[in-house]
Structures are given as C-alpha cells and as structure tokens.
Amino acid sequence: MLLDVQNLKVSYGNIEALHGVSFNIDKGEIVTLIGANGAGKTSTLLSLARLARPEAPAITGGDIIYDGKSILKTEPHTLIQNHLLALVPEGRHIFGNLSVQENLHLAAFPHRHDPRRAEIVEETQALVFELFPRLKERRRQRGELLSGGEQQMLAVGRALMTGSGFIMLDEPSMGLAPKLMYEMFRALRRLNQEKGITILVVEQNAKVALEFAGRGYVLKTGEIIASGASEELMANPDVKKAYLGG
Ligand SMILES: Nc1ncnc2c1ncn2[C@@H]1O[C@H](COP(=O)(O)OP(=O)(O)OP(=O)(O)O)[C@@H](O)[C@H]1O
Ligand SMILES: [Mg+2]
C-alpha cells in the first residue's frame with residue numbers, strides 16, 4: 001500500500017472539516033475522491049501535502065501512512081524533495097509572469113542536487129510536451145496569457161517535473177470544455193499506464209472521475225459515506241441520486 005489514511009481529523013480553528021476519514025491507495029492505482037462543495041476534498045489533499053500554507057487545516061487526529069511510515073511529522077519540503085508526492089492545487093497556481101518553459105523548469109527544483117539534473121529536466125519536459133502539444137507550441141508564452149485549460153495542463157506539467165511518483169489533483173476538470181477535459185484525463189491515464197504514476201484525483205464531477213478512476217470514495221461533510229470500484233459506485237442508487245444526476 002502506498003498511502004493509508006487512517007481516521008484523519010482536521011480543523012480550521014474550532015471547526016472540524018474532516019471527522020475521521022479513512023482511505024487507501026495502492027502503488028499504480030488511480031483513485032478518486034468525489035463529493036459536493038464543502039465536503040472536504042481540498043482539505044484532504046492539503047492535509048496530505050501538508051503544505052505550510054495558511055489555508056491548510058490543522059491535523060487533530062488520525063494518521064497518514066506513506067510507504068509504511070507515518071508522514072505526520074515529516075516536513076512538507078522533505079515530502080517534495082524526496083519525490084514522494086506532488087499536488088496540482090485547485091485554481092492552478094502557475095507563475096503568470098514566467099514563460100511556460102520557465103514554469104516547468106522551476107518546478108524541477110526537487111532535482112537540484114542531482115548530477116543528472118539537466119538530463120532529467122530535458123527528458124521530463126519532452127514528456128510534458130508530448131502529452132500536451134499545446135504547451136510545446138506556447139513554450140515561450142507567459143503563463144498568464146494561456147487559456148484556462150492550457151494553464152491546467154501546465155499545472156499538471158509542473159507536477160510531473162517534480163519527479164514524484166504520486167500525483168494528487170484538485171478538480172482538474174474545473175473550467176475545462178469537454179474536449180480539453182478528456183484530453184487531460186487521457187494524458188493522466190497515459191502517465192499512469194506508461195510511467196506507473198499513482199494518481200489521487202478529487203472531483204465534483206463524479207461521472208467523469210468515476211469513468212477515469214478504478215476505485216473511488218464518496219466524501220460528504222467530512223466523512224466517507226461510500227466506497228468501492230468505480231462500476232460499483234456508479235451502480236449504487238444513493239450515489240447515482242446524489243452525484244450522478246439520478
Ligand atoms: N481556510 C478555511 N477556513 C475555514 N474553514 C474552511 C477553510 N477552508 C475550508 N473550510 C471549510 O472546510 C470544509 C471543507 O472545505 P473544502 O474546501 O475541503 O471542501 P471541498 O470539498 O474542496 O469543496 P469544493 O468542491 O467547493 O472545492 C467546508 O465546510 C469549508 O467551509
Ligand atoms: Mg475544493
């Protein structure tokens with residue numbers, strides 16, 4: 001098991017956002033966490049990435065086991081430096097005043113002490129451009145001039161540049177036209193199949209997420225209320241009614 005989240009509780013001040021959430025992911029899996037607005041999806045990812053950001057909630061209970069070891073006390077920069085995980089955050093977070101290529105190169109910082117750094121950057125950038133040819137065409141363009149969908153691709157590209165074998169994405173479909181959305185998920189599936197990258201994707205768009213992932217968990221107001229193989233969840237009457245439009 002790559003990730004084992006055990007009875008995780010997190011709070012923003014006095015308000016508990018996750019009330020004991022448990023789920024797990026095996027190496028090489030694609031798993032989705034679906035739920036409505038405010039269910040706690042972003043809170044879950046932020047807790048896993050343990051970003052030292054003001055918006056990250058405090059962990060008040062439970063444990064997060066990564067590759068057999070608790071990472072509750074691991075510094076966020078250590079998680080990233082050791083290529084353990086990368087987060088593609090909600091709302092993209094790219095550098096608008098830097099070019100596509102500069103954005104990609106900056107994201108490769110976990111490799112900075114590696115003697116093969118230049119090669120790794122070159123190879124990974126080639127992979128990003130192969131997955132997202134639009135980014136290649138626009139590689140000298142400033143980030144802020146990209147369309148929303150292209151910025152989303154760049155955010156995924158930046159996660160790849162970190163060299164992490166485990167990528168978490170917060171609503172990658174948001175704001176994307178269907179065609180771009182499917183392109184994005186196709187690229188992610190290729191990464192999973194060809195590079196063995198483990199993926200945790202959080203989505204409000206339950207239908208798309210369950211079609212993409214092999215397995216899923218349903219989060220509702222800070223609790224997991226259902227879980228199972230995607231086909232099982234898609235056939236579950238409660239899930240259908242609440243998340244799949246009947
Ligand atoms: N910075 C914050 N301060 C206080 N409460 C917060 C903060 N961020 C989130 N919350 C609360 O925590 C709960 C879970 O929010 P979270 O952002 O994790 O939901 P989400 O599932 O990602 O929703 P969405 O689909 O809208 O992105 C909500 O009740 C929300 O109001
Ligand atoms: Mg969210």
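Fair warning: this is a prediction, and the values are worked out from it, not measured in the lab. Nothing fancy with the numbering, it's 1 onward along the sequence. In listed order, ligands and their atoms are each counted from 1.
Below 3.5 Å of separation, one finds an N or O of N37 facing an N or O of ligand 1. Remark: ligand 1 and G38 share an N or O pair separated by less than 3.5 Å (distance only, no angle test). Looking at A39 next to ligand 1, an N or O pair under 3.5 Å apart turns up.
Heavy atoms of K41 found under 4.0 angstrom from ligand 1 belong to the backbone as well as the side chain.
Taking every non-hydrogen atom of E90 and a distance limit under 4.0 Å, the qualifying atoms of ligand 1 come out as 27 (O). Per-residue contacts place T42 under 4.0 angstrom from the following atoms of ligand 1 (heavy atoms of the residue considered): 17 (O), 18 (O), 20 (P), 22 (O), 27 (O). Atom numbering of ligand 1 starts at 1 in the shown order; those under 4.0 Å from a heavy atom of A17 are 12 (O), 13 (C). For ligand 1, the atoms sitting less than 4.0 Å from at least one non-hydrogen atom of E171 are 24 (P), 25 (O), 27 (O), numbered in the order shown with element in parentheses. Within ligand 1, counting atoms from 1 as listed, the ones closer than 4.0 Å to a heavy atom of S43 are 14 (C), 15 (O), 16 (P), 18 (O). Ligand-side atoms of ligand 1 in range of Q204: 25 (O), range being under 4.0 angstrom from any heavy atom.
Around the Mg ion (ligand 2), the protein N, O or S atoms found under 2.8 Å comprise T42 OG1, E90 OE2.
A salt bridge is defined here as a Lys NZ or Arg NE, NH1 or NH2 lying under 4.0 Å from an Asp or Glu carboxylate O, and E130 with R190 meets this definition. One finds no salt bridge joining R186 and E183 here, because no Lys/Arg side-chain nitrogen approaches an Asp/Glu carboxylate oxygen to under 4.0 Å.
Within the hydrophobic cluster formed by Ile, Leu, Val, Met, Phe, Trp and Tyr side chains joined at under 4.5 Å, directly or through other members, I120 stands alone, with no partner residue.
The shortest separation from a heavy atom of G40 to ligand 1 is under 4.0 Å, placing the residue in contact. Ligand 1 is approached by A36 to a heavy-atom distance shorter than 4.0 Å.
Both V31 and L219 are part of a single hydrophobic cluster, where members link through side-chain heavy atoms under 4.5 Å apart. Under a hydrophobic clustering in which Ile, Leu, Val, Met, Phe, Trp and Tyr are joined whenever their side-chain heavy atoms come within less than 4.5 Å, directly or via other members, L135 and I167 fall into the same cluster. Cluster membership check: L85 does not share its hydrophobic cluster with L188, using side-chain heavy-atom separations under 4.5 Å among Ile, Leu, Val, Met, Phe, Trp and Tyr.
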query: Hey, mind stepping through Q151 and I94 against side-chain contact (heavy atoms from CB on, under 4.5 Å) and telling me if it holds?
result: CA-CA 7 Å; Q151 290 187 19; I94 60 166; 3.7 Å; yes

task: Let me see the working for E150 and L180 under side-chain contact (heavy atoms from CB on, under 4.5 Å), right down to the final yes or no.
output: CA-CA 9 Å; E150 291 159 359; L180 269 193; 5.9 Å; no

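Not one N or O on the side chain of D26 forms a donor-acceptor pair closer than 3.5 Å with the backbone of E29. Within the 3.5 Å criterion, the main-chain N or O of T78 finds no donor-acceptor partner in the side chain of Q81.
Within a 6.0 Å radius of CD in E122, no more than 12 heavy atoms belonging to other residues, nucleotides or ligands are found.
For the residue pair Q101 / R138, no side-chain donor-acceptor distance below 3.5 Å is found, with atom types taken as modelled.
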